[in-house]
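Here is the structure we will look at.
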Amino acid sequence: MSINRRLPDEITALLNAAGSRRAFLRDSAVAAIAAGGLAACKPDPSYAQGASTARDSDHSGGTTAPNPIAATPAAQADEMDRMHEAGVKAFPAKTEGKGNQVLAPRMDRNVKVFDLTAAKVQWEVEPGRRVEAWAYNGQVPGPQIRVRVGDRVRINLKNDLDESTAMHFHGLEVPIDQDGVPFITQPPIKAGESYTYEFTVPNSGSHMYHSHLNAAKQVGLGLLGAFIVEPRQARAIEKVDVDYVMILNDGMHGYTINGKGFPATEPILAKLGQKVRVRFMNEGMMIHPMHLHGMHMTVIDKDGWEQPAPWKCDTLNIAPGERWDVIVNCNNPGVWAFHCHILPHAESPHGMFGMVTALIVEK
Amino acid sequence: MSINRRLPDEITALLNAAGSRRAFLRDSAVAAIAAGGLAACKPDPSYAQGASTARDSDHSGGTTAPNPIAATPAAQADEMDRMHEAGVKAFPAKTEGKGNQVLAPRMDRNVKVFDLTAAKVQWEVEPGRRVEAWAYNGQVPGPQIRVRVGDRVRINLKNDLDESTAMHFHGLEVPIDQDGVPFITQPPIKAGESYTYEFTVPNSGSHMYHSHLNAAKQVGLGLLGAFIVEPRQARAIEKVDVDYVMILNDGMHGYTINGKGFPATEPILAKLGQKVRVRFMNEGMMIHPMHLHGMHMTVIDKDGWEQPAPWKCDTLNIAPGERWDVIVNCNNPGVWAFHCHILPHAESPHGMFGMVTALIVEK
Amino acid sequence: MSINRRLPDEITALLNAAGSRRAFLRDSAVAAIAAGGLAACKPDPSYAQGASTARDSDHSGGTTAPNPIAATPAAQADEMDRMHEAGVKAFPAKTEGKGNQVLAPRMDRNVKVFDLTAAKVQWEVEPGRRVEAWAYNGQVPGPQIRVRVGDRVRINLKNDLDESTAMHFHGLEVPIDQDGVPFITQPPIKAGESYTYEFTVPNSGSHMYHSHLNAAKQVGLGLLGAFIVEPRQARAIEKVDVDYVMILNDGMHGYTINGKGFPATEPILAKLGQKVRVRFMNEGMMIHPMHLHGMHMTVIDKDGWEQPAPWKCDTLNIAPGERWDVIVNCNNPGVWAFHCHILPHAESPHGMFGMVTALIVEK
């Protein structure tokens with residue numbers, strides 16, 4: 001099992017090999033790289049303009065962009081195509097910061113200790129678009145916690161925000177005094193203070209941790225992360241080659257997958273014949289029916305609990321707070337679009353943006 | 001198996017027979033028609049006024065409508081009832097154009113060829129309400145494609161729009177170069193150009209075809225259709241008397257079922273004891289929990305994939321991009337309302353509108 | 001089986017015992033009450049200010065509230081905490097009126113007769129926030145009807161509104177002339193008139209009754225209720241200690257559970273080891289993914305129909321018109337938050353509001 005192993009440059013090379021994506025798809029990736037190498041991919045900020053605002057962007061300042069007032073319909077259509085292409089060519093675009101990185105615990109005797117600090121940071125959602133984020137350890141989503149059922153875990157939470165916070169372990173059946181609801185199970189953690197949670201991990205599955213104080217704002221700004229609990233014994237269907245956590249959000253940062261909007265989203269990489277597990281998590285305020293092109297998904301778990309029988313789909317509706325685990329048998333090679341099917345969350349007249357990524361199956 | 005076999009006039013006759021719907025419900029439809037014939041059903045545009053705008057409509061110009069400023073509560077209530085009745089009596093209202101019509105392929109040796117042209121048309125959503133639509137072959141939804149697993153199909157797409165387009169076969173596990181995502185799997189199809197897709201149909205079920213370029217706009221305006229794939233061997237539960245595709249949309253045309261808003265929606269007709277299959281498809285941007293009165297639905301397929309065990313409901317939530325197939329055992333005679341249960345998608349103070357139709361079970 | 005048996009004062013005592021909720025959680029509830037009794041809980045209207053309006057509330061008039069203009073970040077954060085605490089401490093807050101109360105039928109020979117009157121009332125959603133409601137028998141939701149499959153029931157509906165109405169039995173497979181759709185199955189019930197529905201209850205499960213005329217408004221204002229049908233023979237999994245109906249709404253009254261917003265919502269009470277059945281019903285216009293802390297839910301029924309196999313989750317998405325029945329095995333003592341996970345439906349900068357309640361498991 002691996003979490004994405006390729007560097008962004010390698011992925012870009014794959015995608016742009018030989019100046020043509022067809023070549024990649026038809027031939028082996030290695031051959032394609034040999035034939036073409038890295039395509040020239042100049043920075044083009046225009047693709048992101050449709051993503052986060054309703055304002056029509058101003059193209060008139062560019063040297064290549066036509067004047068939209070004077071443009072013929074054909075010129076306007078060409079300009080649309082150019083912006084679409086720029087977004088696709090930029091994928092996966094480099095941005096500063098990467099969320100959802102697995103956090104290795106330090107051991108205190110038999111306790112796995114995770115140190116988290118909540119603080120304001122600047123976060124680059126797409127190339128050049130920086131926003132204020134409230135983040136754990138400077139990451140959006142926060143660091144991924146991965147433990148096993150029965151582990152003793154301790155989370156030291158330092159609050160470097162200007163307001164109080166608290167942490168809820170969403171989906172974990174912890175004792176009530178570790179549940180993270182201010183004034184019911186604990187006092188709020190004031191600005192500048194620290195607080196320690198400690199419990200024995202009670203149940204397996206794809207869970208989350210996030211703020212439970214002023215949460216509509218704090219979670220919307222980034223105070224969330226994945227809390228993955230491995231079972232004592234994996235089921236046969238869980239034995240996969242790639243295990244990918246996909247956290248959806250739709251707050252003040254726009255429509256994001258793991259804290260980034262297309263083309264800065266991260267593709268999922270697999271080889272033909274491999275199995276990929278995707279752990280969908282929705283930390284937003286809206287549903288996101290995620291659609292995978294070219295292959296179906298087999299749904300195995302809901303909120304960390306095994307479904308009585310796996311079932312298949314190509315579009316899976318993820319509601320806020322839900323987690324759904326699916327398996328994809330990668331039997332169809334190609335660069336497969338993987339996006340929210342609420343189309344205004346994924347495409348504008350300026351091209352794809354927001355909740356779009358790809359599952360790349362290499363021959 | 002049949003797709004709706006009755007002419008609109010016959011349906012209207014059934015619904016309005018004897019000036020009373022009770023008579024129809026109590027007696028046999030034939031007897032009711034014999035007893036009453038066609039009810040007088042003068043055109044009444046007022047029922048649609050609540051459907052597409054938030055503006056309060058102006059009733060003061062009519063000869064029968066009371067002045068709403070001066071009206072007593074009782075007169076206002078009567079006027080509301082009058083508008084509700086007008087909408088119901090008009091159902092199913094005639095409008096120009098019918099979408100989702102099965103398109104017979106022409107054969108090129110062993111290849112089933114479907115010719116589609118994308119172009120702007122005027123589309124009558126409800127009586128008298130015409131909107132700009134971007135349509136395949138002048139239909140919203142586009143022509144229904146029905147093939148069988150293993151068929152070789154070719155789609156010739158002519159783009160008569162002012163901007164580029166592309167076609168994605170949503171749910172079909174086609175090879176990557178037939179997937180229809182511009183700049184990833186193919187170049188965009190420019191205005192005036194044509195493009196040909198060809199593949200062997202890989203998997204059965206209720207699927208869709210639609211634009212995948214500027215899709216939030218292009219699909220919202222009508223560039224979508226059903227792509228139904230019959231299995232090689234039908235399951236016992238699939239053997240039905242009526243097979244009905246119900247495509248939901250909620251874009252610039254308002255809330256529609258198969259391109260029309262109530263009372264211009266088409267009722268589903270069945271005889272007592274028959275089985276109806278409904279293939280729900282959501283091409284919109286919102287969920288639509290569809291509620292059937294009087295009988296339950298047995299859910300058999302999700303996105304063209306068999307559910308592990310059929311399950312029952314009367315309200316089924318259809319999210320954007322999803323397809324759900326259900327069976328209704330028509331064991332309760334009557335005219336059963338069938339509507340989205342987000343009530344503002346189905347009823348206004350001026351009566352029912354938008355996502356409302358009926359399943360009519362004749363004794 | 002019992003429906004909540006505790007008086008609000010007792011619940012408040014439990015929650016505030018010994019000035020500390022920890023004490024309750026650690027010790028037995030009885031001991032906690034003995035140690036502390038009722039906490040002083042002065043009325044504090046500030047917690048509700050974030051619930052229903054976007055306006056920022058005015059704190060400057062109070063004697064204890066700091067001037068928000070001059071406040072330091074620390075003072076502002078303290079003020080936020082104070083408002084959060086006030087809301088939690090007020091829970092469960094007393095308000096006038098209680099909806100969803102079981103209505104005992106009167107018998108007319110073998111017929112169970114329920115008399116309902118639809119009329120405008122003032123309804124206190126949260127302490128001090130009174131709204132116009134359109135209610136059956138003065139309750140929002142209307143009185144709970146509980147009968148058994150095969151029962152003969154009669155509903156006498158008196159319309160004391162200013163406009164027409166009609167009643168639909170959502171989920172019940174009644175004969176068409178009892179289906180409640182004006183101008184299709186019956187005439188509208190005019191203001192001042194009465195109408196009688198009568199039928200033999202055909203199918204078991206968690207169903208609803210509500211207006212089907214101008215329903216987006218009439219249901220939004222409160223013309224709805226639960227219609228629970230016990231089966232002839234209960235399944236083993238249905239044998240529970242507490243049976244709780246939870247009706248969600250999101251119309252003109254704000255985000256409500258059984259007609260009330262937090263902190264006026266009612267907690268669900270159970271003892272350690274007991275089983276609770278929750279019957280979720282959505283009468284609103286939005287989805288509400290309900291999240292239970294600390295324990296999972298086992299889904300047994302959809303719209304009154306048994307699921308082929310029970311399945312588990314901690315967050316269940318309830319769409320408008322849907323009903324889902326779940327079982328909670330109360331194996332984790334504590335005061336467990338139970339709320340919609342669309343966070344803006346549950347928490348504001350002023351604290352929790354709207355769709356929040358608790359499942360309290362007493363040791």
Side-chain angles (χ1 to χ4, degrees), chain A residues 161-166 168-188 190-192 202-203 205 207-208 210-220 251 282-287 301-309 317-324, chain C residues 15 21-22 24-26 50 72-74 76-78 80-81 84-89 91 287-291 293-299 307-319 331-337 339-352 358 361:
Chain A
L161 302 167
D162 289 335
E163 66 184 48
S164 298
T165 194
H168 171 57
F169 303 95
H170 181 111
L172 291 173
E173 306 192 345
V174 297
I176 186 69
D177 59 5
Q178 303 302 308
D179 193 45
V181 182
F183 301 111
I184 294 184
T185 71
Q186 66 168 80
K190 296 267 187 191
N203 54 310
H207 304 300
M208 308 191 290
H210 57 221
S211 166
H212 212 284
L213 200 161
N214 197 14
K217 180 174 185 181
Q218 293 193 2
V219 175
N282 187 337
E283 282 281 21
M285 301 170 284
M286 307 170 188
I287 58 153
D301 285 1
K302 168 75 172 89
D303 299 345
W305 298 99
E306 190 177 355
Q307 288 273 285
N317 188 25
I318 321 290
E322 288 191 324
R323 291 90 62 213
W324 288 95
Chain C
L15 285 165
R21 304 200 173 219
R22 286 279 183 95
F24 160 64
L25 303 167
R26 205 173 302 118
T72 62
Q76 287 180 329
D78 286 345
M80 274 183 56
D81 289 348
H84 274 70
E85 185 174 17
V88 171
K89 280 224 170 135
F91 175 72
I287 59 153
H288 297 292
M290 295 301 295
H291 174 53
H293 287 215
M295 293 169 294
H296 56 273
M297 306 184 271
T298 301
V299 180
Q307 287 274 285
W311 52 277
K312 296 174 183 173
C313 65
D314 57 58
T315 307
L316 187 62
N317 188 25
I318 322 290
N331 59 5
N332 202 358
V335 176
W336 298 105
H339 61 91
C340 178
H341 213 279
I342 296 181
L343 298 178
H345 298 185
E347 197 171 37
S348 83
H350 294 178
M352 293 192 292
V361 179

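Protein chains get the first letters and strands the later ones, always in sequence-line order, with residue 1 at the start of each.
Residues P320(A) and I287(C) meet the side-chain proximity criterion, which asks for heavy atoms closer than 4.5 Å. Looking at H84(C) and F183(A), their side chains come closer than 4.5 Å, going by heavy atoms from C-beta outward.
One finds the SG atom of C313(C) at 9.0 Å from the CZ atom of R323(A) (value rounded to the nearest 0.5 Å). The line from CG of D301(A) to CH2 of W311(C) is 12.5 Å long, rounded to the nearest 0.5 Å. Atom OG of S211(A) and atom CD of E347(C) lie 7.0 Å apart (nearest 0.5 Å). The structure places NZ of K190(A) at 4.0 Å from CG of D78(C), a figure rounded to the nearest 0.5 Å.
With a threshold of 4.5 angstrom between heavy atoms, P310(C) approaches chain A through N, CA, C or O but not through any side-chain atom. Using a 4.5 Å cut-off between heavy atoms, P202(A) does not touch chain C at all. Interface residue P182(A): only backbone heavy atoms are found under 4.5 Å from chain C. For chain C, the nearby parts of K302(A) are the backbone and the side chain; heavy atoms of each come within less than 4.5 Å. Heavy atoms closer than 4.5 Å to chain C are found in the side chain of E283(A), but not in its backbone. Heavy atoms of A191(A) lying under 4.5 Å from chain C are absent altogether. Of the atoms belonging to N332(C), it is side-chain heavy atoms, and not backbone ones, that fall under 4.5 Å from chain A. Heavy atoms closer than 4.5 Å to chain C are found in the side chain of N317(A), but not in its backbone. The contact between L213(A) and chain C is made by backbone and side chain atoms together, counting heavy-atom distances below 4.5 Å. Both the backbone and the side chain of H296(C) come within contact range of chain A, with heavy atoms under 4.5 Å apart.
The aromatic ring centres of H341(C) and H170(A) sit less than 6.0 Å apart. Residues H339(C) and H212(A) bring their aromatic ring centres within 6.0 Å.
Contacts with chain C were tallied for E163(A), M286(A), E306(A), Q218(A); E163(A) has the most, counting heavy-atom pairs under 4.5 Å. The greatest number of non-hydrogen atom pairs below 4.5 Å with chain C, out of D162(A), D179(A), V181(A), is found for D179(A). Interface check for chain A: of the options A77(C), G294(C), P73(C), the most heavy-atom pairs under 4.5 Å are formed by G294(C). Among K312(C), H345(C), M295(C), the residue with the largest count of heavy-atom pairs under 4.5 Å with chain A is K312(C). When N331(C), D314(C), L343(C), I342(C) are compared by the number of non-hydrogen pairs under 4.5 Å with chain A, D314(C) comes out ahead.
Minimum interatomic distance between P344(C) and A216(A) (heavy atoms only, all atoms of both residues): N-CB, 4.0 Å. Closest heavy-atom contact between P349(C) and N214(A): CA-OD1, 3.3 Å.
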Let me see the working for H293(C) and I176(A) under side-chain contact (heavy atoms from CB on, under 4.5 Å), right down to the final yes or no.
CA-CA 9 Å; H293(C) 287 215; I176(A) 186 69; over 6 Å; no
Chi angles and distances behind the side-chain contact (heavy atoms from CB on, under 4.5 Å) call for M352(C), I184(A):
CA-CA 12 Å; M352(C) 293 192 292; I184(A) 294 184; 4.2 Å; yes
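Residues that satisfy the side chain to side chain donor-acceptor pair (under 3.5 Å) test with N282(A), not counting sequence neighbours, are absent from this structure. Applying the side chain to side chain donor-acceptor pair (under 3.5 Å) rule to W324(A) yields the partners E322(A); only residues at least two apart in sequence or on another chain are considered.
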